[in-house]
Structures are given as structure tokens and as C-alpha cells.
> 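Below is a structure I'd like to ask you about.
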Amino acid sequence: MGALTSQQVGAYCRRHFVSAFQKVATFQIDGLQKQGGNVASYFCTPDGQVLHAVAGPVDARTFLREARWANDTYQLALLENQKTLAQLRAFFRRAHLDRLQEEQHTRIAADRLPNPETVNAKALAQLLDHNQQGGLNNQGKVHLLLAVAPLPRLEQVYQVVFENILNERITTKPVAGG
Amino acid sequence: MEVPCPVPLSEAWSPVGYQVVQVSEEKKLPVDGGPPKVKGRAARSPLGYRVNVVADEDIPLPPRPKLQWSLKRNPPRTKPALIWAPIVAGGFFFLLPVIAIAVAMGNQSQPHPPFAQGPVFNPQPMPAPQPPEVVIPEALFKAPANPPAEERPEAPQPAPKKDQAEVIAKEGNACETFGTQVEFVRNPQVAARMAREESKLTFLLHVSGNFEDSRFT
């Protein structure tokens, strides 16, 4: 992932995040060619709620912008005393809807969205399947996902992100071939 | 002084036009002191003749013609008003119809009917780019809050606190960069604990392949 080799990205992540990685999918080695393989980045609270995500490999500038947005929005929510989970969800739902409107020119009324407590991974997968041809890019789909289900737990969305946005199959198999 | 005349003359003659009166060649004593003296300039002959002024006449001379190339500008013989008045009058009468036509066209409220009525082209305004349409499935409004256990994806669950504490005690908080500029702790559970202690957020990277080996990421 090229963005992580940037010194600016490294410095920002050391200052504001504690980082970890996890293997969730695999790819095949056919000769010298790698088939499949992808990456997804999540910015979460210490309790495991996903504030924001970056689907797929991006450059350092994009990664830094998204990381800063996640951290700055979270700090702004704390500044406005949005400390309960429901308050944080409402705050981040508005933030994702704003970015969805500004960057993807897609406007969704907040009162048309379901209660974040009632969404599950299956319903979120259906949401992305229904909007595959909607003109949203990967980051737009991430904003849509997190506007419908703000601050989900990582286990609720990581499979949706990898399979329904990045079109990668989640598997526990090791890297095959080589 | 005597000057011999080159040609035989019948009477006295002066080459410069004086009337020569020859009195005699005798020496005559001046009477009463000689001939009357001329006051001022004495009449003299360039050839040496003695000149006696018998009369002082004022002969009127013809007036000198004036030089044609004199720099002095002659005043015009005719008055300027007599020259410019017809020009102004002619210009006014020439411009009068032009001004009248311009005023008439300016006051014209209705345009002239076109000679041939062509098809009127009314282009429709370009439709605004349609934003991507988002469909919210009904399942999202009906979904149970906690799906059944069998429907849950196989998410990496945090290990029990007892085991986690053992891992931390065993491995410490060592970080590795794996060829990047980001320091990664061993697993997400350690990252969550450290983030809580340091009031930070967690950055979790999900990869396909072996992150430790760049060949597999």
C-alpha cells in the first residue's frame, strides 16, 4: 500500500492512531502474477465503532485527507459534547451525508434513513447491491454505507466493504500458488 | 579738367543726362564773388564737367510697384461669414433627412415583419446532470437489531481479556513497520487497549495476503 510509505502518513498515524493490521482475504499467485488482493482501511474508536473507511488502495494525499477527516470530525463531536453512542451516530450520519452530497452530488434526507440500531450486515449488503449502478465510486459507497449505518461495529461492515465494494471474497484460506 | 569727347558733337552733351550749357571758354571773373554757391550738396559731373544748377525742380517719380512676394498677409477681400454660411446651410439640409430617418427608426416600437417566416428554433435547456439515485432497500427498515448468530460474518472477535493480557505481557507493545512508515502493533485488540489508554483512535488495516511479506500484499 503506497500511501503507508509516506512519511507524512506515518507521522500522522503515530500521532493520532494506534495501528494494527489483519488479514481477511487472500489471493492466488499464478507464476509471477498476483490474482486478486485488496486492502481496506478503517478508522475506529477504541471501542471498535467504525468512524470512517477507505476502500481500496489510495495515494498518500487521499489517505491523509480521509484520516484527518475522521479524526477531526470525531474531535469536533467530542467538542460539541456528543459523547453517547446515539449522539455520535447522529453526528457522523450528518457528516457522511454532507460529504455524499458535496463529493458525489447525492442528497439523501436524513429522515428517510433507517434507525442505525436496526441495520445488519445482510441489509447493508443489499443496500450496496441496489446501488451498484448508481454512479457512486468506492468512496461514495463508503459514505453511503456509513450514512445509513453510522458507527457500526467493524464486524458488521468489514465483509460488506470487501465483498460488496471491493468485490473481494472474504476467506481464511492462505495465499495459494507461488 | 578737360575730357575729350570721343565723337564730334554739335552741342554740349552730358553722358548722364544733364543739360550742358556752354557759356564760353573765356575765363570770366566771377561777378560779385563768382557763381552762386549751392548750399548743401554741390552738383557735380562724374566726367569732370562743371555743373551749374540753374533750377531746382522737384520732378515727381512714378510710384514703385509693390513686391509680390511680400510676407505680409493681405486681408481677405470677402468676409468669412459670406463663405461659411452657405456651407453650414448646405450641410444642415444634407444631414436633415439622415437625422429624420434615425429618429424614426429609434421610435419604431414594433419590428418589421420578417419576409419569410422560418421555423422558430427554441432549444430546450440542457437538463441538469442527474445525481446518482440512491435506493434504500426496505430490508434496512425491517432488519432486526441483532441478527441471528449464524448470519453474522466471521469477524475477528477480540480475545478474552485474560488471554489478551497474557499476550500483552508476553509480547509487550512492540511495533513493527513492515516496510512502511506506520507502526503496527500485534493485533487489533492491543491497538484498542493502547488507544483507550492514550486517548487515540485506532487505524485498522484489512489486507488480502500476508502483510508481513511484501510479495503477498
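All chains are named by letter (A, B, ...) in the order of the sequence lines, taking the proteins before the strands, and each is independently numbered beginning at 1. These numbers come from the heavy atoms of this one structure, side chains and all, not from hydrogens, waters or symmetry mates.
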> So which part of Asn115(A) gets closer than 4.5 Å to some heavy atom of chain B, the side chain, the backbone, both or neither?
neither
> Does any backbone or side-chain atom of Glu198(B) lie under 4.5 Å from a heavy atom of chain A? Answer side chain, backbone, both or neither.
side chain
> Between Leu51(A) and chain B, with a heavy-atom cut-off of 4.5 Å, which part of the residue counts as in contact: side chain, backbone, both or neither?
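Contact with chain B involves the side chain of Leu51(A) alone.
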> To the closest 0.5 Å, what do you measure between NE2 (His206(B)) and CD (Glu168(A))?
14.0 Å
> What option among Arg112(A), Arg15(A), Arg14(A) has the most heavy-atom pairs under 4.5 Å with chain B?
Arg14(A)
> Is there a donor-acceptor pair closer than 3.5 Å between any side-chain N or O of His143(A) and the backbone N or O of Ala95(A)?
no
> Roughly how far, to the nearest 0.5 Å, is the CG atom of Asn131(A) from the NZ atom of Lys141(A)?
8.5 Å
> Under the ring-ring contact (aromatic ring centres under 6.0 Å, His included) rule, what do Tyr42(A) and Phe17(A) come out as? Steps first, then yes or no, please.
CA-CA 11 Å; Tyr42(A) 299 93; Phe17(A) 297 97; over 10 Å; no
> Hey, does Val50(A) have a side-chain heavy atom less than 4.5 Å from the side chain of Leu204(B)?
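No, their side chains stay 4.5 Å or more apart.
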> For Leu113(A), is it the side chain, the backbone, both or neither that has a heavy atom under 4.5 Å from a heavy atom of chain B?
both
> Is it the backbone or the side chain of Val148(A) that comes under 4.5 Å from a heavy atom of chain B, or both, or neither?
side chain
> Can you pull the salt bridge (Lys or Arg N to Asp or Glu O under 4.0 Å) pairs that have at least one residue in residues 43-63 of chain A, sequence neighbours excluded?
Asp47(A)-Arg196(B)
> Of all of Ala11(A), Cys44(A), Cys13(A), Ser19(A), which one pairs up most often with chain B through heavy atoms under 4.5 Å apart?
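Among the listed options, the one with the most contacts to chain B is Ser19(A).
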> Non-hydrogen atoms of chain B under 4.5 Å away: do they reach the side chain of Leu127(A), the backbone, both or neither?
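Interface part for Leu127(A): both.
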> Which atoms of Tyr74(A) are under 4.5 Å from chain B, going by heavy atoms: the side chain, the backbone, both sets, or neither?
side chain
> Quick one: pull up CG in Asn138(A) and CD1 in Ile165(A) and give me the separation to the nearest 0.5 Å.
6.5 Å
